[in-house]
Structure formats: structure tokens, C-alpha cells
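Not measured: the values here are computed from a predicted model.
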Amino acid sequence: GAVVSQHPSWVICKSGTSVKIECRSLDFQATTMFWYRQFPKQSLMLMATSNEGSKATYEQGVEKDKFLINHASLTLSTLTVTSAHPEDSSFYICSARDFTEAFFGQGTRLTVV
Amino acid sequence: AQTVTQSQPEMSVQEAETVTLSCTYDTSENNYYLFWYKQPPSRQMILVIRQEAYKQQNATENRFSVNFQKAAKSFSLKISDSQLGDTAMYFCAFMKAPNSGGSNYKLTFGKGTLLTVNP
């Protein structure tokens, strides 16, 4: 199957700083990418849908000014958590969709201290 | 809007035995895909099996097979000859088929079933 690479795998940042997470589709062009947040032992919660060259579509309740998403090319989408706080600590997963299937990155564990 | 329901939060099975995970869904769409994903402790999402709604034949991948009942909107996963490495969280997911009109081609997940395979 196709490969989606997500970096970093884990990151620790200080409260009030920003952190960027990258999601790359390595062997296919992904016009649509998805960003999820997952709490322990829970399902994936969709945060936003990222379309190449256009603004991301955020799910209800997700702060678009806190979670900035950029999809500047067909192979790269980024999620920036701005002014991070401890409650933003979580596991974030990206996914890239081709025609009939979605492929997932390895996930990023964010810890805000 | 689509919904996916997994009614078994946790299940356990003995090694080499067979286990079935349940999934039901609700949709007004006629063309769609259904998936089972596995998330082991590493938390990497791994596709286990996929079913196209237009196909009547149940999908099979080695020890994994599904029972797809379109009219009942049911999509269960059977794992045969369970192995210790099958221990993971399993998610059932729904996705509208491309070119089926409208928008919103996102994956909709169930809440998951934590499967433990015991030695």
C-alpha cells in the first residue's frame, strides 16, 4: 500500500509555544488529507479536512486559529498547534486519501509542559 | 450523515481460536466502502480488510474475513486462528465512494473494539 510519513513521532514543547507536524504522501498525490486527534483508548476524532490549494474545512468545535492547517502541495500537509497548552497534549494522526482508500501516518505524540 | 457502531468495547480470545467483531452502520448512500483497521500498541493504523458495497461477495484476507449484510447494514470481522500479534484496537470505518455525488469523502469510524488474544 501507499506510504504516508508523519513527523515528528513525538514532541515535547513548552506551554505558549507553537509546534508544527508534517504529513507527507511519499508515493502518491493526495488531493485530500485528514487530521485526527486521538485520546487514549478512544476512537479517532476528525479535526479537519485539508484540500490542496484551498482552506481547510474544520469540524465543529475545532478552533481553526489554534490548529492551523496548510496543504501547499499534493504531497504535504502541515498542522501547526499554536500557543500550545497542556490540554492540547494528545496523539495526532494524519491520513491521505487516494481514490478508494485512506493511508495513515505513524502519528505524533504531543506533550505540552 | 453516516454513523458507525461497534457494540463491543472489549473482547478476548484464546490463541488459535476464532473471534468475530461486530459493526453496524447507518447511511442513505448506495455506493460506499467499508473497512476494518487495526491499531496495535504502536498506534499505527493498519488496514485489515476492505469491502466495496456493490460487491456481494464477502472480502477475505488470509485469516481475516467479513460478513457483509448490506440490507441489514452489518459488517462483522472474523479472525480465524487468532495470534498474539492480533492483540490491538480494531476500528470499523465507512467511506462514501468517489463520484457518488456531493462532498464529504471522509472516513467515519466506530468507537473501536479492544481485542486481546490470550496465550
Side-chain angles (χ1 to χ4, degrees), chain A residues 1-10 21 23 28-52 54-60 62 69 71 77 90-111, chain B residues 1-11 21 23 25 31-55 59 61 87-100 102-116:
Chain A
V3 177
V4 174
S5 178
Q6 184 175 343
H7 290 281
S9 298
W10 59 270
I21 303 169
C23 180
F28 70 103
Q29 293 182 331
T31 55
T32 303
M33 290 186 175
F34 304 93
W35 288 95
Y36 299 87
R37 184 172 181 175
Q38 187 181 31
F39 293 102
K41 295 189 177 181
Q42 292 190 23
S43 189
L44 281 69
M45 181 186 75
L46 181 65
M47 299 174 65
T49 301
S50 166
N51 292 297
E52 186 266 337
S54 63
K55 290 184 178 180
T57 301
Y58 290 82
E59 295 296 301
Q60 191 172 8
V62 177
I69 292 171
H71 194 160
S77 177
S90 193
F91 191 70
Y92 294 87
I93 305 175
C94 73
S95 172
R97 175 176 171 158
D98 75 352
F99 196 63
T100 61
E101 193 171 327
F103 302 93
F104 291 84
Q106 307 94 315
T108 298
R109 182 178 301 281
L110 170 63
T111 302
Chain B
Q2 287 73 231
T3 60
V4 177
T5 302
Q6 293 178 249
S7 59
Q8 305 150 314
E10 295 188 31
M11 294 190 73
L21 309 183
C23 173
Y25 60 95
N31 297 318
Y32 51 88
Y33 298 99
L34 295 166
F35 305 88
W36 278 98
Y37 284 93
K38 166 185 177 181
Q39 189 180 40
S42 69
R43 302 189 81 171
Q44 170 73 57
M45 294 287 284
I46 301 166
L47 177 65
V48 175
I49 200 164
R50 181 178 78 179
Q51 176 80 44
E52 292 90 339
Y54 67 87
K55 290 187 177 179
E61 288 287 342
T87 292
M89 193 75 147
Y90 286 81
F91 294 101
C92 179
F94 172 102
M95 184 169 75
K96 211 167 71 167
N99 302 323
S100 58
S103 59
N104 196 11
Y105 294 98
K106 63 183 180 183
L107 271 173
T108 300
F109 286 95
K111 291 188 175 182
T113 297
L114 179 60
L115 175 67
T116 302

- Note on the structure: Value for CZ (B:F35) from CD (A:E101), rounded to nearest 0.5 Å, stands at 6.0 Å

- Message: If I take atom CZ from residue A:F103 and atom CG from residue B:L47, how far apart are they, to the nearest 0.5 angstrom?
- Response: 7.5 Å

- Note on the structure: A:E59 and B:K106 have their tightest heavy-atom pair at OE1-NZ, 3.2 Å

- Got B:L107 and A:F34 here, is their nearest side-chain heavy-atom distance under 4.5 Å? no

- Bottom line for B:R43: the part with an atom under 4.5 Å from chain A's heavy atoms is both

- Item | Interchain contact, B:M89 with chain A, by part (heavy-atom threshold 4.5 Å) | side chain

- Listed partners of A:A48 passing side-chain contact (heavy atoms from CB on, under 4.5 Å), at least two apart: A:Y58, A:I69

- Task: Please identify each residue that fulfils side chain to side chain donor-acceptor pair (under 3.5 Å) with B:Y25, with sequence neighbours left out.
- Result: B:Y32

- Note on the structure: Hits for side chain to side chain donor-acceptor pair (under 3.5 Å) against A:Q42, two or more places apart or cross-chain, chain-then-number order -> none

- Donor-acceptor under 3.5 Å (B:Q39 side chain, A:S43 main chain): no

- Quick one: which residues of residues 108-115 of chain B reach chain A at under 4.5 angstrom, heavy atoms only? B:F109, B:G110, B:K111

- Message: Is A:Y36 close to chain B through its backbone or its side chain, or both, or neither, when contacts mean heavy atoms under 4.5 Å?
- Response: side chain

- Message: What part of A:Q38 gets within 4.5 angstrom of chain B, counting heavy atoms only: side chain, backbone, both, or neither?
- Response: both

